[in-house]
2 protein chains.
Amino acid sequence: MNLPPLVQSFVLHFGEMGSRWGINRTVGQIYALLYVSPRPLCADDIVEALGVSRSNVSMGLRELQAWNLVLLRHIPDDRRDHFTTPEDVWQILRVLAEERKKREVDPTLSVLRELLMQTPTSEAERHAQARMAEMHGLIERLTTWYEDVKKLETERLAALLALGAKVTRLLEAKDRVVGLVRGRKEG
Amino acid sequence: MNLPPLVQSFVLHFGEMGSRWGINRTVGQIYALLYVSPRPLCADDIVEALGVSRSNVSMGLRELQAWNLVLLRHIPDDRRDHFTTPEDVWQILRVLAEERKKREVDPTLSVLRELLMQTPTSEAERHAQARMAEMHGLIERLTTWYEDVKKLETERLAALLALGAKVTRLLEAKDRVVGLVRGRKEG
DNA sequence: CCGTGATTTCAGGATTTTCTGAAAGATATG
DNA sequence: CATATCTTTCAGAAAATCCTGAAATCACGG
């Protein structure tokens with residue numbers, strides 16, 4: 001590996017974090033490299049930069065494409081495929097959220113649904129099912145919130161984030177206003 | 001493994017999902033078992049229920065405790081340690097978010113900070129640093145939002161979730177009101 | 001349809017992670 | 001403090017994952 005020190009540190013870090021993020025070292029490194037690269041790279045550029053085998057890069061790129069985290073680009077007058085990451089970090093965030101949900105949450109949600117359909121045949125099962133119902137309820141709340149929020153344009157999403165917990169104040173204000181109006185009408 | 005079918009399906013599913021969630025099969029199964037169990041279990045109960053070695057259970061419990069996902073309980077007149085999961089699923093959600101942030105986000109944030117302190121010595125490094133700054137900015141926004149929101153009591157948090165993207169309407173309403181008031185004062 | 005270069009597949013070797021049994025370490029009790 | 005009971009540690013076996021090089025496949029220009 002022969003990269004500018006800053007880039008190298010970044011790439012190595014992503015490689016190390018890979019296992020915690022559910023991807024392997026090479027995949028993490030490829031992603032990091034593409035993320036900071038000023039132009040799309042072809043597979044051989046990556047082999048060169050990271051010092052791993054060509055086939056490993058091929059598999060890594062395949063996985064990252066499955067994650068929608070890298071995009072195929074064609075460079076005029078070059079037969080080789082080139083790859084980049086989406087430019088916009090917000091876009092990357094969306095993709096990441098979507099894919100993780102798909103892989104880490106949806107399967108559990110569907111298993112829970114299925115198990116909740118069944119009729120318990122003992123006290124133990126009845127209790128277990130009640131616990132599963134709680135979990136299911138929570139996950140469903142979270143996912144509907146997510147489905148809702150992900151439709152927002154980036155600007156609105158950013159505004160919402162910036163607001164943070166202050167939204168609750170807004171909520172209280174709303175309640176007061178609504179209460180006031182009701183009061184007037186009814187009183 | 002000899003468990004009621006409903007429980008068994010749940011436990012096996014958690015075992016399978018384990019690898020996607022960054023824990024191993026046994027840890028996933030132990031968690032699932034404790035989650036649906038109506039009373040705290042001791043290590044040998046778990047060995048019995050899951051059919052894995054005593055030492056494996058010991059290590060699994062240790063890991064789950066490090067995650068704050070299982071709690072040690074003492075049963076009167078029993079020397080053995082017993083274990084449960086937190087009752088409240090919201091509490092579990094909080095713990096999970098906190099721990100994942102600590103493991104999966106914080107290290108990257110600190111590496112990014114460090115790399116952003118350095119002075120780039122080439123155009124390549126300058127560009128890489130700019131990209132890192134974007135990533136850093138996004139992560140920081142997300143984490144401050146998170147720090148903010150995690151302080152909310154469960155009830156408020158639930159209200160916020162239920163509101164979903166509708167908050168933006170509230171935001172718009174607020175903007176209008178503020179605009180109106182300003183308009184009056186200034187016009 | 002041949003040749004060239006790019007890419008993917010895949011079997012098996014290397015590495016990492018998980019799991020086990022045996023032994024050592026705790027801790028309460030008489 | 002000896003014993004019985006419960007827990008943890010740890011070295012190595014077992015399993016899973018990752019990575020490579022060789023071969024196969026693909027895609028395009030001539």
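Just so it is clear, the model here is predicted, and its values are computed rather than measured. Throughout, a chain's letter reflects where its sequence line sits, starting with A, and its residues are numbered from 1. Reckoned from all heavy atoms, side chains included, excluding hydrogens, waters and symmetry mates.
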Discussion item. With a 4.5 Å cut-off on side-chain heavy-atom distances among I, L, V, M, F, W and Y, is there a chain of contacts connecting B/Leu3 to B/Leu12?
Written reply: yes

Worksheet entry | Nucleotide D/dG29, atom C1' - distance to CG of A/Asp78 in whole Å | 15 Å

Discussion item. Categorize B/Thr26 for me: base, sugar-phosphate, or nothing, with a 4.0 angstrom heavy-atom threshold over every strand shown.
Written reply: sugar-phosphate

Worksheet item: How long is the line joining CD1 of A/Ile75 and C1' of C/dG5, in whole Å?
Response: 18 Å

Item to complete: Check the distance between D/dC19's P and A/Met1's CE and give it to me in whole angstrom.
Response: 12 Å

Worksheet, complete the sentence: Residues passing the ring-ring contact (aromatic ring centres under 6.0 Å, His included) test with A/Phe14, sequence neighbours excluded, are A/Phe10, A/Trp21

Fill in: Most 5' of B/Ser19 and B/Asp81 on DNA chain D, judged by nearest nucleotide
B/Asp81

Discussion item. For B/Ile92 versus B/Tyr35, what's the shortest heavy-atom pair and its separation?
Written reply: CD1-CE1, 3.9 Å

Worksheet entry | Spacing of A/Leu64 atom CG relative to C/dT8 atom P, expressed in whole Å | 13 Å

Worksheet entry | Rounded distance in Å - CD1 (A/Ile30) to P (D/dC18) | 13 Å

Item to complete: Output yes when at least one side-chain N/O atom of A/Ser58 is less than 4.0 Å from OP1 or OP2 of C/dT8, else no.
Response: yes

Discussion item. Given B/Ile46, which partner from the list B/Val52, B/Asn56, B/Leu33 fulfils the side-chain contact (heavy atoms from CB on, under 4.5 Å) test?
Written reply: B/Leu33

Worksheet item: Which residue lies toward the 5' end of DNA chain C, B/Asn24 or A/Arg25, if each is placed at its nearest nucleotide?
Response: A/Arg25

Fill in: Least distance between heavy atoms, B/Leu115 atom then B/Gln129 atom
O-NE2, 3.0 Å

Item to complete: Dump the intermediate steps for salt bridge (charged side-chain N to carboxylate O under 4.0 Å, His left out) on B/Glu99 and B/Arg103, then the final yes or no.
Response: CA-CA 6 Å; B/Glu99 296 294 328; B/Arg103 280 154 228 253; 2.5 Å; yes

Worksheet item: Yes or no on side-chain contact (heavy atoms from CB on, under 4.5 Å) for A/Leu138 and B/Leu93, after CA distance, side-chain angles and deciding distance?
Response: CA-CA 9 Å; A/Leu138 179 61; B/Leu93 176 67; 4.0 Å; yes

Worksheet entry | Between D/dT17 (P) and A/Met59 (CE): distance, integer Å | 14 Å

Practice prompt. Whole angstrom is fine here: how far is it from CZ in A/Arg62 over to C1' in D/dC19?
Written response: 16 Å

Discussion item. Please give me the minimum heavy-atom distance between B/Gly60 and B/Ile30, naming the atom from each residue.
Written reply: CA-CD1, 4.0 Å

Response to the item:
Rounded to whole Å, the CD-P distance (B/Gln29 to C/dT18) equals 13 Å

Worksheet item: Heavy atom of residues 31-57 of chain B under 4.0 Å from DNA chain D: which residues?
Response: B/Arg54, B/Ser55

Item to complete: Mind listing the closest non-hydrogen atom pair of A/Glu104 and B/Arg20 along with its distance?
Response: OE2-O, 3.6 Å

List, with names and distances, any nitrogen or oxygen atoms from the protein found under 3.5 Å away from nitrogen or oxygen atoms belonging to nucleotides 27-30 of chain C.
| from | atom 1 | to | atom 2 | distance (Å) |
| --- | --- | --- | --- | --- |
| C/dT27 | O2 | B/Arg79 | NH2 | 2.8 |

